[in-house]
Amino acid sequence: MRMSQLYAPTLREVPAEAEIKSHQYMLRAGLMRKSTAGIYAYLPLGQRVLQKVQQIVREEMNAEGGQELLLPILQPAELWKETGRWEDYGEEMFKVKDRHKRDFCLGPTHEEIITALIRSDVRSYKQLPLLLYQIQNKYRDEIRPRFGVIRGREFVMKDLYSFDQDEDSLERSYQRMYNAYERIFRRCGLDTVPVEADSGAIGGDTSHEFMVLADSGEAAIVHCPACGYAANVEKAPCPEVPIEEGERHSSEEVHTPSVGTIEEVCSFLSVEPQQCIKTILYMADGKPLAVLVRGDHTLNELKLQKELQCSELEMADSHTIAEITGAPVGFAGPLNLPIPIMADYAAAAVTDAVVGANKEDYHVRHVSIPKDCSLWKTADLRECQEGDPCPRCGAGLDTARGTEVGQVFKLGTKYSTPLQATFLDQNGKERPLLMGCYGIGVSRTMAAIIEQHCDEDGIIWPVSTAPYSVTIVPVNYKDEKQRAAADELYTRLEDSGIDVLLDDRLERPGVKFKDADLIGFPYRVTIGPKSLQENKVELTHRASKAVELVDIGEVVDLLLSKLASEQPLT
RNA sequence: CGGGGCGUGGCGCAGUUUGGCUAGCGCGCCUGCCUUGGGAGCAGGAGGCCGGAGGUUCAAAUCCUCUCGCCCCGACCA
């Protein structure tokens, strides 16, 4: 490809809307443009990268026996109603109506549609295991699209669905995918960490997320430096805390005028946050409930929801809080509350606590939660945090942030049962299929690669995902000698199968160098007047900035070997 | 949805508080000259219903009302 023909509009200035590097560079390097919030058009360079990532995904999926197919994006509501997810997915689903007023959605994922597809055609254990996948656009009406393509409303995703006859077989499918994911991300040049994860709206029991560690990441994870355990904070369990016999104080009400938050209470009463108890009121399936968490802890709604087994859970509004506690927000407490009280293990063990008094501008101190409160139940309800004991080995956990690029789930029969996807086993007995699903956010992966591979000048593509591996930059394309050398080298590189871009623009060299660095081609061949007299060209490695003078006749072979050695083997 | 902010040529912004002449600046774009090893220089030029709709006024980018969009923080998620 010739740069003069390529539609790659680069920007000198950083678009105001882009906060993080990957977003800025994707816009500046001309990889994509925004259409509307969370929706992007991919320009030729971006599309090439996307295709490279997809190709890696394809190869690894195929290597594990996956078969690619293409599924509808526009999906009928009926299927989603059968699994209950028409409601469960809620506001996040793009819903549309056709001219007959029938309900459809733009598929946020494809479990329903693929299960419905295979249920009529898969009848026997002899057809199993079956691994089917698709790479296509998915739609989620995110509350807040963010970070460019990292959290878009339209995005490219690969999903593979596995169908097995028993748990052992499902476990094998799961392992194959897990291993394939490690290979895929390695080939993309990504450093990922697999973490134990909650399965959220997709469902199922076992799940791992593949995280790219980044400060800009939206997910918080904990990991153990001692044994290697790693999990999403939503998932990591916190231990039960033994209740110790503390010194018995008699509780007393204290006047705490307009002292609402934990910080205010602590400084006002000179106590530590560990001694304060947050009383949070929730509505679970319409019924009120109070939850106690220690002041230095964060409630984990996922854990709470699981413990309650409710389908709808939301914090009570200020009106409800006032009605139940008799006090404005900020003064709720567990004493004499007319609703069930659940306590996190750690909160339930506090024997000298400060709690809200259910009375405006009053708190109560020296409260023993185990003795003075009538708790309905105690459970693990808080988010794991730095320093908490590792659930496997007990060592102190570290925290980090990450962007999720892939997730694998064992779904079991969550979809096959309601959708009646069954097969006949060896004994002629009808059984539901055991399913797994395995997603990779392809467009998000592209952004994650940039996050991990960039510097002040721009992107530094790994060879495996670079839009072009090599760019040829003649310092002055008007100069006949340089032009002839550039053209010839361009042809030879193309002939040898290298993705090469010739910057034949009549721009000044600085402009071309800047663009080359910004777009991030792994190698740049500079053809300049001085070295050309000795039949040499400069070969610059984008990542290391190392420059070597190479005999023009040897460039192709040298590049071929360099490119090959940089592609991670599988 | 709650809180904050922003909509002015392709990009980045000024002008809005305190209404007033042909609405500016930098970058990019076009033409010519010149230049060619890190986003050159000179000259000329194109391009803007000031997000939209109402209103106030002799006069609105500027004031008022409504509306649409975008960005950031939070609650949700791959």
Side-chain angles (χ1 to χ4, degrees), chain A residues 9-20 23-24 27-28 30 33-39 89-93 108-110 137-159 181 197-202 207-212 217-219 232 234 298-299 301-302 305 313-315 317-318 402-409 437-445 447-448 457-458 473-479 482-483 505-518 524 526-532 537-538 540 545 547:
Chain A
T10 57
L11 301 174
R12 294 195 180 193
E13 293 180 82
V14 182
E17 68 191 52
E19 268 221 317
I20 62 171
H23 191 189
Q24 294 172 358
L27 293 169
R28 284 194 56 205
R33 287 290 183 263
K34 183 172 72 177
S35 170
T36 184
I39 298 180
Y89 232 104
E91 299 285 280
E92 209 166 296
M93 192 147 63
T109 175
H110 287 73
N137 282 357
K138 312 235 172 178
Y139 297 82
R140 293 186 194 172
D141 194 1
E142 292 288 345
I143 295 173
R144 184 148 92 82
R146 216 189 311 208
F147 298 143
V149 97
I150 290 201
R151 173 179 299 267
R153 297 193 292 170
E154 175 181 81
F155 52 96
V156 182
M157 192 162 158
K158 183 280 310 185
D159 256 328
Y181 273 33
D198 185 85
S199 47
I202 309 284
S207 178
H208 288 86
E209 290 167 326
F210 287 78
M211 296 286 190
V212 173
E218 298 186 82
N232 193 307
E234 292 173 340
T298 307
L299 177 75
E301 283 193 15
L302 265 164
Q305 185 156 18
L313 181 71
E314 53 179 7
M315 280 176 91
D317 56 44
S318 55
T403 298
E404 180 190 343
V405 285
Q407 187 165 13
V408 291
F409 305 81
C437 92
Y438 316 86
I440 288 181
V442 175
S443 33
R444 172 185 279 196
T445 296
D457 294 321
V473 181
V475 166
N476 183 356
Y477 196 65
K478 269 189 186 164
D479 178 273
Q482 292 179 44
R483 181 190 196 115
R505 293 176 298 172
L506 302 179
E507 292 285 352
R508 292 170 60 82
V511 173
K512 296 193 274 196
F513 293 152
K514 286 286 183 189
D515 274 344
D517 286 349
L518 177 61
R524 186 181 89 204
T526 312
I527 298 180
K530 283 161 263 172
S531 48
L532 196 56
V537 294
E538 278 167 39
T540 308
K545 300 218 152 112
V547 185

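All values below come from the heavy atoms of this structure, side chains included, with hydrogens, waters and symmetry mates left out. Every chain is numbered from 1, with letters handed out A, B, ... down the list of sequences.
If you check B:G39, B:G37, B:A40 against the side chain of A:Arg508, the one that comes closest is B:A40. Across B:U36, B:G37, B:A40, the shortest atom-to-atom separation from the side chain of A:Lys478 is found for B:U36. Of the candidates B:C13, B:G74, B:U36, the closest approach to any side-chain atom of A:Val475 belongs to B:U36. Of the candidate nucleotides B:U36, B:G12, B:G39, B:G39 has the atom lying nearest to any side-chain atom of A:Arg28. Nearest to the side-chain atoms of A:Arg146 among the listed nucleotides B:C77, B:C11, B:C73 stands B:C73. If you check B:C27, B:A75, B:G37 against the side chain of A:Ile143, the one that comes closest is B:A75. With B:C70, B:C76, B:C27 as the candidates, the nucleotide lying closest to the side chain of A:Glu142 is B:C76. In this structure, of B:C29, B:G26, B:C71, it is B:C29 that holds the atom nearest to the side chain of A:Glu507.
Residue A:Arg505 comes nearest to A:Tyr477 through the heavy atom pair O-CB, 4.2 Å, listed as atom of the first residue, atom of the second, then distance.
Among the atoms of the strands shown, none is found under 4.0 Å from any heavy atom of A:Val473. A:Glu17 comes within 4.0 angstrom of the backbone, heavy atoms only, and of no base. At a threshold of 4.0 angstrom between heavy atoms, the contacts of A:Asp479 with the nucleic acid are absent. Here A:Phe155 lies in heavy-atom contact (under 4.0 Å) with a base.
Regarding contacts with the backbone of B:C72, a side-chain N or O of A:Arg144 is found under 4.0 angstrom from either OP1 or OP2. Put simply, A:Thr36 has a side-chain N or O that comes within less than 4.0 Å of OP1 or OP2 on B:C70. The side chain of A:Arg12 contributes an N or O atom lying less than 4.0 Å from OP1 or OP2 of B:G28. At least one side-chain nitrogen or oxygen of A:Lys34 sits closer than 4.0 Å to the OP1 or OP2 atom of B:C71.
The base-pairing partner of B:G74, taking Watson-Crick or G-U wobble contacts with both distances under 3.5 Å, is B:C1. Here B:G39 sits opposite no nucleotide as a Watson-Crick or G-U wobble pair (both hydrogen-bonding atom distances under 3.5 Å).
In this structure, A:Arg140 fails the cation-pi test against A:Phe155, since its NZ or CZ atom is not both closer than 6.0 Å to the six-membered ring centre and inside 45 degrees of the ring normal.
Within the model, atoms SG of A:Cys437 and CD of A:Gln407 stand 8.0 Å from one another, a figure rounded to the nearest 0.5 Å. Atoms CD and CD1, on A:Glu538 and A:Ile527 in that order, are 10.5 Å from each other to the nearest 0.5 Å.
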